[in-house]
Amino acid sequence: MDIVKTPLNNVLAQRRTKSYRRSMRSCVEATNLGYTSGHLTALRIPRSRKTPKSRDITKQVDPDQVALLVTKEWDLSYVTPLYQFRHTQLKSYAKHLSAFIVSEKQQGLAIEVGQELGFKVNFSVVLGLAETDEDAETVFIQILSRQAFAAKDDAQKVVWNGWLTCVNGDLEYLRSLPSEFVSLPLLCTRGPESLTVLVKSWFEKTFDCCFGPLGINSTNLQWLAALWIGCHPTINIQYLKLVWTLPTLPPMDVKYTIHPQDAWELWDSVQQDDTTDVSIEEVTRFIKGLQSHFFRHFRIELSAGSLMQVSTALGSSHHSGKIKIASPTYITTILQLLTECALLKMPI
C-alpha cells in the first residue's frame, strides 16, 4: 500500500580461547549489556541525544576515504572487543587475511603468507572519524580479486568492502576495558556474504572476538527519522519516507511519504525547549503526531504495526540492519547512534 505526499505526509558462534578466558576471569565482571574490567559498568540506552550539527567532515577526514563510506548501502554487525589488535600491524593483517581467504577457497590447502593467488587485501586507517581520545581509529578493509581467466596485466577489481568503527563510544565502558583490547564495535560490510563470513571467521580466530547481526529496532529507526528531520533547516532532506508493516494476514506494508517542510513544522512543534538536546519524549510525540494524522485520513492505525524503514535524501535505514549514508555532512551523528546500538547489542 503506497500513500504518497499527504498534507502531513545466526549470531556466529563465540570462540573462547585460553587468552580470552584468562582475561575474562582475571579482570572482567559481566553485565547484562556487556563486560567491564574490575568494576560493574552498565551500558544504558540514552534518553537524549545532541541535536545534529552540520559539519564538513572532509576537513578532518581524507575526502577520498569519505567517498568510500557514503552513498553505499552497508550491512551492519556488532563486534566484541578485539584482543591484541594493533593499528600498526595492518600490512601484516592484510597478508594473513589474504592467505586465509585463498586457503579457505581452495578447501584448506596450506598457502604461504603473501603469495599472490587471486585475492589481495588492503587494510587502511580512516583518520579523523574518532570523536574522543577513547575512540579507536576506524579501519577500512578492501578485498580485490582477478577473474580466473583474466589476462595477467588486467587490474584486480574490488569485490568486498568493510570497515570497523567506534564514534563517541561510551566513555566509562571504553575506559574499563583491559589495555589488551581494542573496541571497534560496529562493522559495516558490502559484498558477497561468503567473503563476509570468511573475514569474520579470520577476525574471530586472530583477535578472539565474536560477531553478530545488528538489526535496527523501531525505536532507533524513530531516532533516525527525528535526527534527519532536525537537519532540514540547514540541508534540504527533500522527503521523509516511513515504512510500517502491519500484522494483518498477509502482512501489509504501508509506505508513508511526508513533505519535508510539513515534517519539520511538526517536529518543531513537539520540541519542549531550545536546548541542544533531543529527548526520547520529543521523538515519541513526533512519531505519534505522524501516526495520528495518518489515522485521520485513512483510518489505519500505524501504531499497531512495526516501523521497518526510514528514508530521506540524507540516508536510509532498514530494521534488518542496513544503512545508507548519502551525505557526509551528518555522518558522525549517524555513526554515534550505530555505535551505541552495537555496544548495547553485544553479548556477555
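We number each residue from 1, following the sequence as shown. Model, not experiment: these values are computed from the prediction.
For the pair S98 (side chain) and A94 (backbone), a donor-acceptor distance under 3.5 Å is absent. A donor-acceptor contact shorter than 3.5 Å is absent between the side chain of Y93 and the backbone of T206. Between the T80 side chain and the C210 main chain, a donor and an acceptor come within less than 3.5 Å of each other. N161 places no side-chain N or O within 3.5 Å of a backbone atom of Q142 that could act as its donor or acceptor partner. In terms of modelled atom types and a separation under 3.5 Å, the side chain of T339 and the main chain of L335 share a donor-acceptor contact. Between the side chain of H87 and the backbone N or O of V125, no donor-acceptor pair lies under 3.5 Å. In this structure, the side chain of W74 engages the main chain of L69 through a donor-acceptor pair within 3.5 Å.
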(message) Please determine whether side chain to side chain donor-acceptor pair (under 3.5 Å) holds for the pair T165 and T138, giving the CA-CA distance in whole Å, both sets of side-chain angles, and the decisive distance to 0.1 Å.
(response) CA-CA 4 Å; T165 192; T138 297; 2.6 Å; yes
(request) Show your reasoning for whether side chain to side chain contact (heavy atoms under 4.5 Å, CB included) applies to T196 and D75. (result) CA-CA 10 Å; T196 300; D75 293 309; over 6 Å; no
(request) Step by step, work out the side chain to side chain contact (heavy atoms under 4.5 Å, CB included) result for Y256 and H293. (result) CA-CA 11 Å; Y256 183 11; H293 174 81; 3.3 Å; yes
(message) Set out, in order, the CA-CA distance, both residues' side-chain angles and the distance that settles side chain to side chain contact (heavy atoms under 4.5 Å, CB included) for C188 and L76, then state yes or no.
(response) CA-CA 5 Å; C188 306; L76 304 178; 3.7 Å; yes
(request) Go through L97 and F123 one step at a time and tell me if the side chain to side chain contact (heavy atoms under 4.5 Å, CB included) criterion holds. (result) CA-CA 10 Å; L97 177 54; F123 277 68; 3.8 Å; yes
(request) Verify side chain to side chain donor-acceptor pair (under 3.5 Å) between W160 and T189, making sure each step is shown before the conclusion. (result) CA-CA 8 Å; W160 188 92; T189 62; 5.1 Å; no
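Atom NZ of K72 sits in a crowded spot, with more than 12 heavy atoms from other residues, nucleotides or ligands closer than 6.0 Å.
Using a 4.5 Å heavy-atom cutoff, the side chains of T234 and P52 are not in contact. For the pair L198 and K105, the minimum side-chain heavy-atom distance is below 4.5 Å. A heavy-atom distance below 4.5 Å is not found between the side chains of I237 and W264. Looking only at side-chain heavy atoms (C-beta outward), S77 and K200 come within less than 4.5 Å of each other. With contacts defined as side-chain heavy-atom distances shorter than 4.5 Å, the pair L338/I216 qualifies. Put simply, the side chain of Y330 does not reach to within 4.5 Å of the side chain of W228, judged on heavy atoms. Residues C166 and L174 are in side-chain contact: their nearest non-hydrogen atoms beyond the backbone lie under 4.5 Å apart. In this structure the side chain of T219 reaches within 4.5 angstrom of the side chain of I280, judged on heavy atoms.
Pairs passing the side chain to side chain donor-acceptor pair (under 3.5 Å) check and including a residue from residues 57-71, sequence neighbours excluded, read D56-T58.
Once rounded to the nearest 0.5 Å, the distance linking OG1 of T312 with OH of Y239 reads 6.5 Å. Residue Q309 holds its CD atom at 8.5 Å from OG of S320, rounded to the nearest 0.5 Å. For the atom pair CG (L129) and CG (D135), the distance works out to 9.5 Å, reported to the nearest 0.5 Å. The line from CG of L224 to CG of L242 is 11.0 Å long, rounded to the nearest 0.5 Å. Put simply, CH2 on W163 and CZ on R190 are 12.5 Å apart, with the number rounded to the nearest 0.5 Å. Here the straight-line distance linking atom OG of S124 with atom CD of E137 works out to 12.0 Å at 0.5 Å rounding.
Minimum interatomic distance between V243 and L307 (heavy atoms only, all atoms of both residues): O-CD1, 3.5 Å. Residue P81 comes nearest to L177 through the heavy atom pair CG-CD2, 4.0 Å, listed as atom of the first residue, atom of the second, then distance. Heavy-atom minimum distance, A225 versus L240: CB-CD1, 4.3 Å. Here the shortest heavy-atom pairing between I229 and A263 reads CD1-CB, 3.4 Å. When every heavy atom of V66 is checked against every heavy atom of P328, the shortest pair comes out as CG1-CB, 3.6 Å. The two residues A130 and A136 have their closest heavy-atom pair at CB-O, 4.4 Å.
When hydrophobic clusters are built by joining Ile, Leu, Val, Met, Phe, Trp and Tyr residues whose side-chain heavy atoms come closer than 4.5 Å, directly or via intermediates, V158 is not grouped with L195. Both L184 and L127 belong to a common hydrophobic cluster when Ile, Leu, Val, Met, Phe, Trp and Tyr are linked at side-chain heavy-atom distances under 4.5 angstrom. Residues L171 and L186 do not share a hydrophobic cluster, clusters being chains of Ile/Leu/Val/Met/Phe/Trp/Tyr side chains in contact below 4.5 Å. Residues I141 and L144 are members of separate hydrophobic clusters, defined by side-chain heavy-atom contacts under 4.5 angstrom among Ile, Leu, Val, Met, Phe, Trp and Tyr. Hydrophobic clustering keeps M308 apart from V254 (ILVMFWY residues linked when any side-chain heavy atoms are closer than 4.5 Å, directly or through intermediates).
When L90, L82, T88 are each tested for a side-chain contact (heavy atoms from CB on, under 4.5 Å) with R86, only one passes: T88.
Between Y83 and F207, the distance separating the two ring centers is not shorter than 6.0 angstrom.
A salt bridge does not link E131 to K50: none of the charged side-chain nitrogens sits closer than 4.0 Å to a carboxylate oxygen.
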